[in-house]
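Within every chain, numbering begins at 1; the chains are lettered A, B, ... in the order of the sequence lines, protein sequences first and strands thereafter.
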Protein chains: 2
Amino acid sequence: MTKITIKDISIALQVSISTVSKALSDSHEISESTKSRIRDYAKANNFSINKVAQSLKLGRSNTIAVIACAINNDLVSQILEGIQEVAIESKYDIIIMQSMEDESIERSCIEVLKARGIDGLLISPVSESSNIDMLLNLKLSKVPVVLFDRINSQLNTYKYGVKNFDGAYQATVHLIKQGCTNILHITGSQLGVANERLSGFLAALQEYRIPFNPENYIPCNLKNTNTIDADIRKALKKAFKSKNKPDAIFGATDLITIRSLGILADMNINVPNDIAVIGFANTKAAFAMNPSLSTISQPGKQIGYLAMTQLVKMIKTKREIDYFETIELDTSMHIRKSSLKETRI
Amino acid sequence: MTKITIKDISIALQVSISTVSKALSDSHEISESTKSRIRDYAKANNFSINKVAQSLKLGRSNTIAVIACAINNDLVSQILEGIQEVAIESKYDIIIMQSMEDESIERSCIEVLKARGIDGLLISPVSESSNIDMLLNLKLSKVPVVLFDRINSQLNTYKYGVKNFDGAYQATVHLIKQGCTNILHITGSQLGVANERLSGFLAALQEYRIPFNPENYIPCNLKNTNTIDADIRKALKKAFKSKNKPDAIFGATDLITIRSLGILADMNINVPNDIAVIGFANTKAAFAMNPSLSTISQPGKQIGYLAMTQLVKMIKTKREIDYFETIELDTSMHIRKSSLKETRI
DNA sequence: TTGTACGCGTTATCAA
DNA sequence: TTGATAACGCGTACAA
C-alpha cells in the first residue's frame, strides 16, 4: 500500500480530479451523493491530502514556526503551551526549532523555514542583533514575525515579554525589607534581559539608600552548567571570605538561581538565615527545593498565547503593517522559604 | 521585495530555468562561469529555494519529525540534543511536536506530518497501543518510524530506550543496603515504563527476602502536578500514620521523585534520616536540591543519537526492512545525599 | 554546455 | 452539478 492521491480516487470512482478536489473541501458545487461517495472512498483507503502540493498551489502552508534558544526550561515550555492552545483553535500547525543560543544555528533555522514557506514566525532571538537581516527579509516577504521573551531585538515588530525592571526591583525591595543590605546580583554576561534586571536591582538599592558595591555584581558565563557553577562558586567563596559577608542573592535566571541554591547547600551555608535567595525562575520545582525557592516568575503561557494570537491576526490581515507594539506583562513574586529570614516569621 | 524564484533568475540573467536549477545544485553540466554568475545573482537577491516545490518534485522533504509526549522535561531535551546532533551532520531538518500525553493530539500530529511528507518519524508514543494504525500506515507508505523512550508500543520497528528493570532493581538494592526495609514505590498509573520498573523493584525485594507490602505500591494520577501532589501527599500521610513507618521512597519518574522531595520538606520529614529518597530522574537540578537528590538517570542524548542515526539509515536504504531490534541502554545511578542514611557516612 | 518539455498533486477558472 | 485545463516552482530526461 502506497500513498493515494485525488487522482487515484478520481479514477476509481470514475469522476474528474476537480470533482474530487471540490468534494473533499466540501464545496457547494458538488452534490451530496457524490460528496459522500468520494469521502467514503477516501476514508476507506485512508487518503490524506498532500499538503506539499497544496502549499505550492495556495502559496501558504498553514504552518507557523517557533524558534527558541532552548526548549529545556520551564519558561519556554509554558510559552509553547500558550502557543499550542491558539494553534489548535486556529488550526495552525507548529514547527518548533531551537537555536541553542547560537547565531549560526538560528540563521539556518530561519533559512530552512523561509524555504519551507511558513506563514509566520515566533522567535526569541539569540541576541539583540542576531540575524536581523534574515528576519527583515522574512518580513519583506510578507511573512509576519513576532518576538517573545527576548524582546530587546532591534527588529521593529510586535514583541511580547515581561517587565524585567519591575520584577527585579520588587525582588530587591523584598530582600531589603527582610533586612538584607549586602545583596549579590548573579546574572549572565550576555543575556538579553540582563540589563533591565540589573537596572531594577540598582534602582531598588538607590531607593533605599543602600550603596552599591560593584563586587556584588556577578556576571556568569551561561554557556553550560559547568561554567555557571564554576563562576558562582568562585564568587561565593570570595564573598564569604570578605569582611562584610553577603546576606542575600538575587539571581537573574532560572538556572543561576537554582544552581546557587545547590552550591550553597554544598558549601553548608544556611539558606535563608546565612543568606537569603530569590531569583527569576519559572521552574515548577521551586516548591520542591529545600528551602523552597522564592521566585519572580513570568506569565509564560500568556506570553505564548498573546504572541501567537497576534501572529495569527497578522497572517490573516495580509495588509502591510507599520505600527507595532511592545507588550510587557507583569511578573509575579512568589515568596517561599529561601528568602524569608526566620527571625521575621 | 518579494520572494524570488529560479525563473526570476533565469529571466534576469537571460538563461533557461533548467540552467539555473542545475547551476544552483552545482551540476557538472554547467560551466564555472555561468555557475558563478547565477550564484552571485542568487546571493545578491537573497534567493532561497522553494522547498515546497522541491519536495513535491522529488517526493521527499529532507525533514524528519519528532513527536514527544511533552518537551518540558530534561530527559526529552537531552534526547532532542542527540537527535539534533545527527540532524546537523546529516543535513536533515527537524520538526518537533508534542502530543501532550493525548492520543487524539498524537493522531493529528501524525496526520499532519504524513500530509506534509516527512521522510521519517521518531516517536515516543502516548501509550502501548496509541495510533498503531497510523504508524503502521506510515511504515507502509515507506516512511520509516523509530521509537524512543516509551518502547512498549506494539509497533514492530526499531526501539531505543533503557533497561528499566535493571535501573529499578539497582535503586532498590541501594536502598536495601542502606538498611531500608519498608520502601514505598511511587509510580504512575498509566505509564509505559511503569511495569518494568515495578518488576525490578519487586525483584530486588525478593532477592533480599523482604516481604512486599501491597500498600507500599502507590500509583499516582500523572495528569498534572496537582493530581500528583495530592496523591503523593495522601499516601505519605497515611504511611507515616501507620505502625511501621516507611524508611525509603523509590520514585518511578522525574516529576514524582522531585515532588515527593518537596512534599517531605513541607511535612517537615527529614530526608534521608527519616526517609531516604531515590528515583528515576534526568533533571539537572538534582544537585541543587537539598538534600541533593539521588537519581537513576538515563543516557538521553545517546538515546536520541542512536535513534536518529538508525532512522537516517533506514531512510537512505529504501529497501523494505523486516528485521528490527529493540536497544535497551544502561541507566546510571547517581548517589547523592537524599538516599544516604547519615549513620552510614 | 545549454535549453525544451513534462510532471509532481493540488486548486481555481471557465466551460459544458 | 461536473469536467477540462492552467498554474504553483522545481528537477530531469532528452534534444540541441
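As a whole-Å value, the separation of A/Asn62 CG from C/dT11 P is 12 Å. In this structure, B/Arg116 atom CZ and C/dC8 atom P are separated by 22 Å, rounded to whole Å. Rounded to whole Å, the distance from NZ on A/Lys22 to P on D/dA4 is 11 Å. In this structure, B/Glu29 places its CD atom 10 Å from P of D/dT12, rounding to the nearest Å. Regarding A/Gln14, its CD atom lies at a distance of 14 Å from the P atom of D/dT2, rounded to whole Å. We find that NE2 of A/His28 is positioned 13 Å from C1' of C/dA12, with the value rounded to whole Å. The distance between atom CG of A/Asp8 and atom P of C/dC8, rounded to the nearest whole Å, is 11 Å. One atom, NZ of A/Lys7, and another, C1' of D/dA4, lie 14 Å apart when rounded to the nearest Å.
With B/Lys301 as reference, B/Glu85 is the one residue of B/Glu85, B/Gln84, B/Gln78 to meet the side-chain hydrogen bond (donor to acceptor under 3.5 Å, both in side chains) rule.
For D/dG9, the base has no donor-acceptor partner in the side chain of B/Lys3 [N/O atoms by modelled type, under 3.5 angstrom]. For a distance-only test at 3.5 Å, the side chain of B/Ser18 qualifies as a donor-acceptor partner of the base of C/dG3.
At most 12 heavy atoms of other shown residues, nucleotides or ligands fall within 6.0 angstrom of atom NZ in B/Lys313. Heavy atoms from other residues, nucleotides or ligands lying under 6.0 Å from CZ of A/Arg107 number more than 12. Around atom NZ of B/Lys35, more than 12 heavy atoms belonging to other residues, nucleotides or ligands sit under 6.0 Å away.
Contact annotation for A/Thr34: backbone-only contact, meaning every heavy-atom pair under 4.0 Å involves sugar-phosphate atoms and none involves a base.
Residue A/Thr19 places no side-chain N or O under 4.0 Å from the OP1 or OP2 atom of D/dT2. Side-chain nitrogen and oxygen atoms of B/Thr5 include none within less than 4.0 Å of the OP1 or OP2 phosphate oxygen of D/dC8. For C/dT10, neither phosphate oxygen OP1 nor OP2 lies less than 4.0 angstrom from any side-chain nitrogen or oxygen of A/Ser21.
For the 3.5 Å distance criterion, the side chains of B/Ser27 and B/Ser25 fail to qualify, holding no donor opposite an acceptor.
Comparing C/dA5, C/dT10, D/dT2 by their nearest atom to the side chain of A/Ile17 picks out C/dT10.
Taking the charged nitrogens against the carboxylate oxygens, A/Arg39 and A/Asp26 do have a contact shorter than 4.0 Å, which makes a salt bridge.
Here the OG1 atom belonging to B/Thr157 is positioned 12.0 Å from the CD1 atom belonging to B/Ile151, to the nearest 0.5 angstrom.
Within residues 48-58 of chain A, the residues having any heavy atom under 4.0 Å from DNA chain C are, by residue number, A/Ile49, A/Asn50, A/Ala53, A/Gln54, A/Lys57, A/Leu58.
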